[in-house]
Structure formats: C-alpha cells, structure tokens
2 protein chains.
Amino acid sequence: MPTTDDHKTEHLVPDEADLDARKAAILNAVVTEYIGSAQPVGSQHVVDAPGVSVSSATVRSDMAALERDGYLTQPHTSAGRIPTDKGYRFFVDQLGGPGPLDAGGRQQVRQFFDHAHGEIEEMLEHTSGLLADLTDCTAMVVGPSHESAVVRSVQLVGLGHRLALVVVVLADGAVRKQSIELAEDTDDAALAEAGGRLAAHVLGSPLAQVVGTPAPSGTASVDAIAAAGAAALRSLGEADGHDQLFVGGSSRMAAAFDAVDTVRSVLTILEQQLVVVSLLRDILDTGLTVAIGAEHGVEPLASCAIVVMPVSVGGVEAGTIGLLGPTRMNYPLALAAARVVGDRLGERLGEAAR
Amino acid sequence: MPTTDDHKTEHLVPDEADLDARKAAILNAVVTEYIGSAQPVGSQHVVDAPGVSVSSATVRSDMAALERDGYLTQPHTSAGRIPTDKGYRFFVDQLGGPGPLDAGGRQQVRQFFDHAHGEIEEMLEHTSGLLADLTDCTAMVVGPSHESAVVRSVQLVGLGHRLALVVVVLADGAVRKQSIELAEDTDDAALAEAGGRLAAHVLGSPLAQVVGTPAPSGTASVDAIAAAGAAALRSLGEADGHDQLFVGGSSRMAAAFDAVDTVRSVLTILEQQLVVVSLLRDILDTGLTVAIGAEHGVEPLASCAIVVMPVSVGGVEAGTIGLLGPTRMNYPLALAAARVVGDRLGERLGEAAR
DNA sequence: GTTGGCACTCCACTCTAGTGAGTGCTGGCC
DNA sequence: GGCCAGCACTCACTAGAGTGGAGTGCCAAC
C-alpha cells in the first residue's frame, strides 16, 4: 500500500525525522538491554534507564508507537519487545556512536601492535584473531590491494628438470611467484639472460599492466624463456584481482546463534572468500559502515550484521576490516574496536610499505 | 581393576581375537546403519543384514554380548544400540576397509586434478575444499615441509626508505620473504654486493641450517647488510617449523552435531593451526590412520574421529591429509577419498617439485 | 543354539492445567 | 493532552499425568 505509506511519510513527523527524545531513550534502552541479554525486553526493564522517567504504562504506550513505526517488534503478543533492523539502524546512526574501547581492550591492542612482527600476511592473520577476541565477533581482514604496486624486481630461478620459478617483488613488499615450464634443459646463463630482459621489460610498471614480450635478444631459446616469463606475469596480474582474506574467530558464530542451521549457512558463506571480499566491497561502496540484517542482500546472513572499516595508509585505501556478528551484536564496541585496530593497522602498513 | 581386565584378556577369546562371524556381521550392520541414520539401532533393523540370518531374539542376545564386551552401548534401557569407540575401532580395523569411491566422486577428483593450476598453496587450499565436498567432513591439508629443501636463490630487494626484502627461493619452489631494516639510505650497489655475499654463504644448504655470517667484504656497510640478511634467514628457518595448514569445509561440523556447544569447541580447535598440525603429526606418529573419540587425547574432539593420510612424493613424506567428522562418520568413504586424493596430490607435488 | 512369546522398560509425545511476565485499555488526575 | 495506577487478558513456558510404541531381557520349547 504505497499510498498509505507516502501519506505517513509526508505528514507524520516521527517516521522520518528524529524520534521524540523519550522514545529515542526507550529505543536505546531496549537495544542495549537486548544486546546484553538476548531476551525480549519488557516495559518494566526500561523505566530506570536514563532519559526515561515515566511509568511502565507510559513506556508501554511509547513502545506500541515504536512498534507501529517499525523500530520494535514482538515475538508474540504478551512478550517483550525486540529491535527490528530499522531499530538497530536508528540506534547505530543516532544513538550508539563508536563508544570507547575499555582499558583492557586498549591494552590488548597496544600490546599486539608492539609485539607484531613478521610479514604482512602473518600480521593480518593475527589481526583477525585480535579483533575476534576484542569483539566476540567473527573478524574479516582484507589485505591491501597490490593492483597499483609497481614491480620492483623480477627474477627467474631454475628449479631443475625443465622447471623455473618467476619471482616478482612489488614495491609494497608483496612477493608473487609462478612456475613456468622450460622447453628443454636450459643452462643458468640463458635463464639469467632471460630474467634480465624480463626485468628490463616490466620493472617500474604495475603487475596488471604487463603487456607484450621483452625485446628480442637474438637467441631463440632466451626469447622463448622471456616470453614464457612475461606470460606468467600476465597471469599473475590477473590473479591479483582477488585480494587476500583472513578470517578469524569463526567459532564465535556458533556461540552467537542457537540454531545450528543458521551457524552452518553463515559458515558456508565465510568459506567463500570471493563472496566475502565482494560483500565487504559492496557495503563500503554504498557508503555504509554498518550493514544490518537484509541491508547487504546476502540472504543467509539475514540475521547478521556487518561492521566495515576501511584501512587507509596516508589517505589511500589499503585494506578492509569487517566484523560479523548477530544483528544484536555490540555495535559500539565493534565500531570502536574496528576503528582503533584499523587505525593502528594503517599506521603499521604505512611504516612497512613506504 | 587391572586384574579382572587381565584375566578377561588372557582367558576369554572374544575380547582380543576376532569376534565370532555373526557377531562381527551384527556389529557391522549396527555401525553402518547408525552412520546413516544417527539413530540407535534395534535388533529388528539388523536381521536382514548380510551374514545375519537369525531371528531378532538371537540378535538381541548377541547384541547383549557385544555390549558386555564393550563394542556397543545403549543410551538407555529399552533403546537400540549405538557403537562405542571400541566398536568403531573394530569396524575400521576388521570390517570396513577403504571401500571404493563412487563414480561421481572419482569423476570429481579426476576433473579437479585435470583443472588444478596455479601454485602449490592455492592447490592445497582447493584440495581441502574438494575433500570436504567428497566426504562431507571438514578437511585439513598440511603442506609439504620445507625443512630439508636447500636454498636455491637469495636476493635482496630494496623497497626504499631504509627497508629491504630478503627473498629466498627453495629448491622445491617455495618462496620465503622477510623484511629487514637498513641502517641508513643504502645504494643499490651495496645491496647487490651484500646479496651476492649472502647468496655465496647459504646457497645449497637447507634454510634451517644457516649459521654464522657471510665472509667480510672489507666494506662495513655491506657487511652490516649481509649480517642483517643472514639474521633474517635464520629467523625464517625457525619459523619454517610450523607447516602451512589449509582447512576446508569447517561448516560441515555444524551439520554433524546438533549441540551448538560441541560445534563451537570443535571450531575453536580448528582455529589453532599449531594444535591441528601437531595433532595430525601425533596421530601419524602413533602409527594410526584413524583416531576415534578419545584416542587422540584432545578433549574437545572427544565426539569426533580423524582420518589421517600421509601424502608422499617418491616415498618421502611431503604433507598430510586429515578428515575430521563425528565418530559416526562414514569411514569407508573417508578412507577412500583420503587415499585417492592423497595419491593424486602426491603425484602432482612430485611433478612440480622435482 | 535358536526361536517365538511375553512381560517389562522407558523415551517421546500429547494433553492439561498452572504460572508469570508482559501487554493493551480505561478512567481519573494534573 | 500527557501521564499513570489498575485491571483484564494473552500466551510462552513448565510440570505432571497419561499413552503409544520401539525396544529389551528372559524363558520355555523346539
């Protein structure tokens, strides 16, 4: 009934604009309480909340209004209220805010980044574990894209038996490899010669923009190797499209739901790296930080919410952090953790990839 | 009461030696049925099984004997029988056997290895997915150990801003990297010089056996870089101890149990790569192929069974396959899949790493 | 040793209150 | 008009009683 809807939207203030202060306070209380208890919240539990200094009867009538406006719902008559996706949305947009990370959490983050060592991949992997610990959500960390990183070094390494490895180092420290088959037993000199020509051809340009073959050397066997190497680089450039994903704390999903079916379908999604990466991408592209319930359009995650935070290095996007939990997840905590860890991670990546 | 136990073991035949043929057939039928239905099996459901041409009353008395001997158990009086861990053990050792992979499965394996491409890590990752699909279990694939692989190439690549990358290629095609910090802005020539000395020092020896520093060059700055590189190599050698693990199909664990708690604790274990790798290692070391229930000693996995299969390349162990499922998993299928995929994977690794 | 028969057990299910948290409504008060 | 105490009502949840049936153990007979 679009007519009725339009009517409402146009003439009744509360639907579009902010809710009346007390209703907002009540909604806030219901969401907060429900996030903590996972139980429907009754009017009695809300009367003592800040900003609500009225009787339970009045709260009830406000709750009924909030339900009419779609912020709350009842599992059944004569049960307490549960926030709807719209209710969570209002909470996140108008009420919650990032909220500070507690002292223990801040300490954990500091300690983590003080002791973080090793290569990027390892650090990202561990970061996902940290986030999961902090928020009790499943954490997803997408590594920096290497699309624009230029080639800093190319090397051909013979592995014996007609096999060689093309090893590429990008300016941001990423290393890619691809094995190529050689036509016949090749001596190291030819390999080195071909490697040199390959390097001259691609050094300084992004991996994705490698085209053509190196200039001919006059020796057919060397040219063949160089061409094979160039082909390998191209296939590496194409494969680089899908960024690396690190998922941590997927066991938290089992604790979040008591229906095994839900757990299974969520885990199934998490196993599909491509789906997850593009899901996070999509959410970011629509300009959201939090996607609640059906907002992200992935049906099996309808009872989940996702917090997304871009990781930027010097203003340039260099990865993404995602937190997956039930729609009744602790948004303030998740937002705070994502922000803090994202910032620190960005700094770290900046130090490494200058 | 060890005395009683000894007494039994020594003087009563059925406990140690094979069960009487019909009892074995009954046990076989119970296990098979229970694997399929997950419901306690009554005597009536067994009378039609091959090798059991007796009435249900006789089956009952045999079942009672099997229960006395510890092969079966009852959830409660007047319910059907469920196999104990010992019952599964007998089934696996004496009855089941690998059992052939069905046509669809064989086709799937063939297709997978025909189309498998890319580098080892990617293939191992996908192999875990394949195994999960085939068996409906969670699959674990441990990559080949690089402990004994000798260094084929070492390179120092400058990344700008006092940062350089040590890139090591091992003879089996594995690539390792580690960033090092340079004392001050260093020119490429010094980097190349140091790289050359580093290479001369370690080429041909296994990564884990890198000791000392390269021979001095006479230039202090070059020596410093070379020393830093050698230190990086040592730390890489140490880090190489824990092999790469790829877990596929962890969502299957959610389908296997209906207690969310169990699912959560199993997933928690799966997140700890080190634990999983050493668990598989331990099982192999005790000479087992299948570890059932408490046999592997990891308490949260008490209701799980693990099928382990070494992957060997030319007789040398080069990785491990593991399948994790509930104790009532389909052992013949899991064993068959593990064997077939393990063999094919071994062949593949052999082709690549010669 | 095997079998049909029989009494028994006990889970799973249904049905029936009874309980209580929570609601919507109403009439009176400020 | 907004607020509130009071009240009747709703309905999930729980406990207890009753029932059906799948399954067992035992026994006497073949």
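Quick caveat, the model's predicted, so the values are computed rather than measured. Just so we're on the same page: letters track the sequence lines, and every chain starts at 1. The figures here come from the full heavy-atom set of this structure, side chains too, leaving out hydrogens, waters and symmetry mates.
- Rounded to an integer number of Å, the gap from A:R81 CZ to C:dG22 P is 12 Å.
- Rounding to whole angstrom units, CE of residue A:M63 and C1' of C:dC25 are separated by 17 Å.
- Here the P atom of nucleotide D:dT24 and the CD1 atom of B:I26 are 11 Å apart, to the nearest Å.
- Every pair passing salt bridge (Lys or Arg N to Asp or Glu O under 4.0 Å) that includes a residue from residues 295-308 of chain A is listed here, sequence neighbours excluded: A:R89-A:E295.
- For residues 50-62 of chain A, the set of pairs meeting the salt bridge (Lys or Arg N to Asp or Glu O under 4.0 Å) definition, not counting sequence neighbours, comprises A:R22-A:D62.
- In this structure, A:V59 and A:V54 have side chains that are in contact, with non-hydrogen atoms separated by less than 4.5 Å.
- When the nucleotides C:dC11, C:dG24, D:dT24 are ranked by their closest atom to the side chain of A:Q74, C:dG24 comes out on top.
- Side-chain atoms of A:E271 and B:S251 include a donor-acceptor pair closer than 3.5 Å.
- Rounding to whole angstrom units, CG of residue A:D62 and C1' of C:dC25 are separated by 16 Å.
- Nearest-nucleotide positions on DNA chain C for A:H45 and B:R22 put B:R22 closer to the 5' end.
- Remark: side-chain polar atoms of A:T289 are not paired, donor with acceptor, to backbone N or O of A:V308 under 3.5 angstrom.
- Within the structure, salt bridge (Lys or Arg N to Asp or Glu O under 4.0 Å) pairs that include any residue of residues 252-261 of chain A comprise A:D133-A:R252, A:D136-A:R252 (at least two apart or interchain).
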Checklist line | Sugar-phosphate or base contact per nucleotide [nucleotides 4-9 of chain C; S, B, -; heavy atom under 4.0 Å] | finding: BB---B

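- Put simply, the side chain of A:T327 never gets that close to the backbone of A:I292: no donor and acceptor are under 3.5 Å apart.
- As a whole-Å value, the separation of B:H76 NE2 from D:dA22 C1' is 9 Å.
- Residues from residues 33-44 of chain A with heavy atoms under 4.0 angstrom of DNA chain C, sorted by number: A:G42, A:S43.
- For residues 24-46 of chain A, the set of pairs meeting the salt bridge (Lys or Arg N to Asp or Glu O under 4.0 Å) definition, not counting sequence neighbours, is empty.
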